[in-house]
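This is a predicted model, so every value here is computed, not measured. Values below: every heavy atom of this structure, side chains too, minus hydrogens, waters and symmetry copies.
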Amino acid sequence: MPAVTQNMLVDGVLTRGTFGWTTQGNFTSLCPNGSQWVWEGLGECAQDARDMASIYLGLLSILCFMVSSLPQYYSSCKTGNMDSAISIWFLLLWLGGDTCNLVGSFLADQLPLQTYTAIYYVIADLVMLAMYFYYKIRNRMAESRTVLHVVGVACVLGFTTSLTHLPGLGAQREIIPSGFRSRALLSTSDVSPIRAFTPKEIIGFTIGSVSSVLYLCSRLPQMYTNFKRKSTEGVSYFLFALVILGNTTYGLSVLLKNPDEGQGERSYLIHHLPWLIGSLGTLTLDLIISIQFLIYRKAKVEADGSRGETTPLLGS
């Protein structure tokens, strides 16, 4: 699975917006000792090793999520049984979680890479959902090529139209001093008060919480489908392996990021809590699905071996 904030120089202070840090001020004064390529390329101010680690982990997270869907696409094209191998509720709940994650990231002013990753989530989910219905219709109506093409075109047009209606939320003016303070990860000595949520952040936090619940619930239908079929054939293990790696690096990226000046460790964690639960909380369920892969693959190997031993006897 960080939502970036746009900062503008107004009357000598920085105000937070939606995408990146855009300001007419001097980079060296607004982000002293910061990395210029991070500032210009990602819209973040990275001033120490912890910030840079957060950036690199966030980029690795995006890479993992970008390639995680590719093995499933290949497996679906190879086997053609995606409609029976993957639970539709798994896909729908995953899409719902990613959509809420995207909207919540905008509203709650999360870190930049969170927003970029969330956008890709939704795109990948829509492609996978389109493939699911493609194979479902193809397997049920193999003779009706016309209907199949119409559904494919409709999915592409609907997806393209949805991208043009992504909410372009205006800048939210939130006064932030331009100073900088590093932090100790999960410091217990933090006694600063929790920063109050703005009305916009409350909505984003709520939607983000719904997103984390949908993420957690999305794994259950797939676990049941695997258990019911006693097989994981048609489901790519690399999908879940890369999602596990992506969620791990995503969560660490959020944890390592330095909070804003005047915002304590506790306040930072609370403001990002739904996204941390959504990423790190699903790891346990993904590990259970990984165990299912091991169990059912071993059972299939044993079954194939027993058939291989009995076939010559039957033939004689």
How would you list, by chain and number, every residue that makes a side-chain contact (heavy atoms from CB on, under 4.5 Å) with [X], sequence neighbours excluded?
| X | result |
| --- | --- |
| Ser76 | Gln72, Met82, Met131, Tyr135 |
| Phe293 | Thr232, Val235, Tyr237, Phe240, Ile289, Arg297 |
| Thr249 | Leu57, Leu60, Ser61, Leu245 |

| Without hydrogens or angle criteria, can the side chains of Asn226 and Ser231 be said to hold a donor-acceptor pair below 3.5 Å? |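 No, Ser231 and Asn226 have no side-chain donor paired with an acceptor closer than 3.5 Å.
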State the [atom1]-[atom2] distance between [X] and [Y], to the nearest 0.5 angstrom.
| X | Y | atom1 | atom2 | answer |
| --- | --- | --- | --- | --- |
| Met66 | Leu59 | CE | CG | 11.0 Å |
| Tyr215 | Asp98 | OH | CG | 3.5 Å |
| Ile288 | Leu283 | CD1 | CG | 11.5 Å |

Which heavy atom in [X] sits nearest to a heavy atom in [Y], and how many Å separate them?
| X | Y | result |
| --- | --- | --- |
| Leu276 | Gly251 | CD2-O, 3.8 Å |
| Tyr250 | Ser279 | CD2-CB, 3.4 Å |
| Tyr132 | Ile86 | CE1-O, 3.4 Å |
| Phe205 | His271 | CD1-O, 4.2 Å |
| Cys64 | Gly246 | CB-CA, 3.7 Å |
| Ser35 | Met52 | CB-SD, 3.9 Å |

Got a donor-acceptor contact below 3.5 angstrom from the [X] side chain to the [Y] backbone?
| X | Y | answer |
| --- | --- | --- |
| Lys257 | Val254 | no |
| Thr206 | Ile202 | yes |
| Ser211 | Cys100 | no |
| Ser218 | Trp94 | no |
| Asn101 | Gly97 | no |

| Same apolar cluster (I L V M F W Y, side chains within < 4.5 Å links), Leu63/Phe238 |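 In one cluster with Leu63: Phe238, no.
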| query | Do Leu129 and Leu92 come within less than 4.5 Å of each other through their side chains, counting heavy atoms only? | reply |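 With C-beta onward as the side chain, the pair touches.
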| Would you say the side chain of Leu287 lies within less than 4.5 Å of the side chain of Ile291, judging by non-hydrogen atoms? |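 With C-beta onward as the side chain, the pair stays apart.
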| request: Would you please test Asn247 and Asp286 for side-chain contact (heavy atoms from CB on, under 4.5 Å) and show each step? | output: CA-CA 10 Å; Asn247 277 324; Asp286 285 337; 4.1 Å; yes
| request: Show the numbers, then the answer: is there a side-chain contact (heavy atoms from CB on, under 4.5 Å) between Leu273 and Ile277? | output: CA-CA 6 Å; Leu273 189 59; Ile277 294 176; 3.9 Å; yes
| field | Met223 atom CE, over 12 foreign heavy atoms within 6.0 Å | value |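 It does: Met223 CE has more than 12 such atoms within range.
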| said: Enumerate the side-chain hydrogen bond (donor to acceptor under 3.5 Å, both in side chains) contacts for residues 80-89, please, sequence neighbours excluded, ordered by first and then second residue. | reply: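 Of all non-adjacent pairs touching residues 80-89, those that pass side-chain hydrogen bond (donor to acceptor under 3.5 Å, both in side chains) are Thr79-Asn81, Asp83-Asn139.
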| query | Who passes ring-ring contact (aromatic ring centres under 6.0 Å, His included) against Tyr56, sequence neighbours left out? | reply |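 Applying ring-ring contact (aromatic ring centres under 6.0 Å, His included) to Tyr56 gives none.
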| said: Ring of Tyr134, cation from Lys136 - is the NZ or CZ under 6.0 Å from the centre and inside 45° of the axis? | reply: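 No, Lys136 does not lie over the aromatic ring of Tyr134.
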| query | Hey, what else clusters with Val210 if you join Ile, Leu, Val, Met, Phe, Trp, Tyr whenever side-chain heavy atoms sit under 4.5 Å? | reply |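 Val210 shares its hydrophobic cluster with Leu93, Leu214.
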| query | For Leu91 and Leu95, what are the C-alpha separation, side-chain angles and deciding distance, and is it a side-chain contact (heavy atoms from CB on, under 4.5 Å)? | reply | CA-CA 6 Å; Leu91 297 178; Leu95 175 61; over 6 Å; no
